[in-house]
Amino acid sequence: MNCFSSVFSGGNTGPRYRLLLLSLGLLNVVLLISAVIIGIKCAQIRQNSLHVSHPVAAQLLNQLHDLHNNHSDVIMAEEDAKRALETAVKNHAMLKDQLQQKQIINDGYQKQLEALRTERTTLLSNISALEMSCGKCPPGFLHFNTSCYFFSYAESSTVKKNWHNSRTDCINRGSDLIVIDSPEEQTFVGNSVKKMVQGLNVWQNGFWVGLTDMDTEDHWVWINNVTEVEPRYWKDGEPNEAGTGEDCAAVLQSPSNPWKSRNDANCKRREIYWICEKVSR
Ligand SMILES: [Ca+2]
Ligand SMILES: [Ca+2]
Ligand SMILES: [Ca+2]
């Protein structure tokens, strides 16, 4: 039998009931006191906790604030760095363009310099040639070895004559039509003709020389009565005595083979340039 059954059972219930009520009252008092004490302790603990956590939170807030400020500074610094980089890239591109422009200008100067050097070399060569030939040939004549030469093309590219009138012009200049009597002279004439009429029609821009077969067909004699026995100077297929007869010789441009430069042409009908020769002083 438990306490409650013993309390409510039997006839002697008055003192037991009062004892029970007293016990419950004491228990309530004890519980109340305990609750009050616990409440006071909790309040104290809470208050202490607040006293402890408040400075830490403030410190954390300060640090957070500092971090926020630092983050803003970093962002601003990053933006400044971006702008500086963009400016540097633009400056680099501009400098690159300027460098390329200066390179182009420099290349142009280099080419002009090379051209001037070449021209200087040519002028020095011409001066040397002029010094060597100075006083040795009349005006309009070129000096080579022991002779002076007049190329009519150098005086006029529009005046052309037949063989007879060409020889007359040479005689009027105190000379005669050229007599080519050495390989060196052949080379000199070939190179000179090439310089003057290269690119023009070959057959219509030749130069009369003092060589004919007027007296005996196919017996070629220079105007100084020396017979030409060298066949290698004729162009391929020449002399061919074409058409109404061809008894006078001319030198034509022959870039591919300077030795094969001669052609026989009609002395009276063909009008071309001519070359005079006279002994130098
Ligand atoms: Ca000669
Ligand atoms: Ca002939
Ligand atoms: Ca011919």
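For the numbers below, each heavy atom of this structure counts, side chains included, while hydrogens, waters and symmetry mates do not. In each ligand, atom 1 is the first atom listed, and ligand 1 is the first ligand listed.
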* Using a cut-off of 3.0 Å, find all protein N, O or S atoms closer to the Ca ion (ligand 1) than that distance. => Val179 O, Glu185 OE1, Glu185 OE2, Glu277 OE1, Glu277 OE2
* Asked: Side chain of Asp264, backbone of Pro239: donor and acceptor closer than 3.5 Å?
  -> no
* Could you pull out the atom name of the N/O/S atom in Asp247 that is nearest the Ca ion (ligand 2)? => OD1
* Is Tyr149 reachable from Tyr273 through a run of I, L, V, M, F, W or Y residues, each pair having side-chain heavy atoms under 4.5 Å apart? -> yes
* Between the side chains of Ser147 and Glu277, does any donor sit under 3.5 Å from an acceptor? -> yes
* Asked: Is Lys161 salt-bridged to Asp169, cutoff N-O under 4.0 Å?
  -> no
* **Polar side chain donor-acceptor pair, Ser261 to Gln186, under 3.5 angstrom** => yes
* Close side-chain approach of Trp222 to Leu177, heavy-atom, < 4.5 Å -> no
* Name, closest N/O/S atom of Asp213 to the Ca ion (ligand 2) -> OD2
* **Distance below 3.0 Å from the Ca ion (ligand 3): protein N/O/S atoms** => Glu238 OE1, Asn240 OD1, Glu246 OE1, Asn263 OD1, Asp264 O, Asp264 OD1
* For this output row, return yes or no: ring centroids of Trp234 and Trp259 closer than 6.0 angstrom. => no
* Flag for Tyr109-Glu114: side-chain donor and acceptor within less than 3.5 Å -> no
* State plainly whether the residues Glu246 and Arg269 are in salt-bridge range, i.e. N to O under 4.0 Å. => no
* Asked: Does a side chain donor of either Asn257 or Lys235 reach within less than 3.5 Å of an acceptor in the other side chain?
  -> no
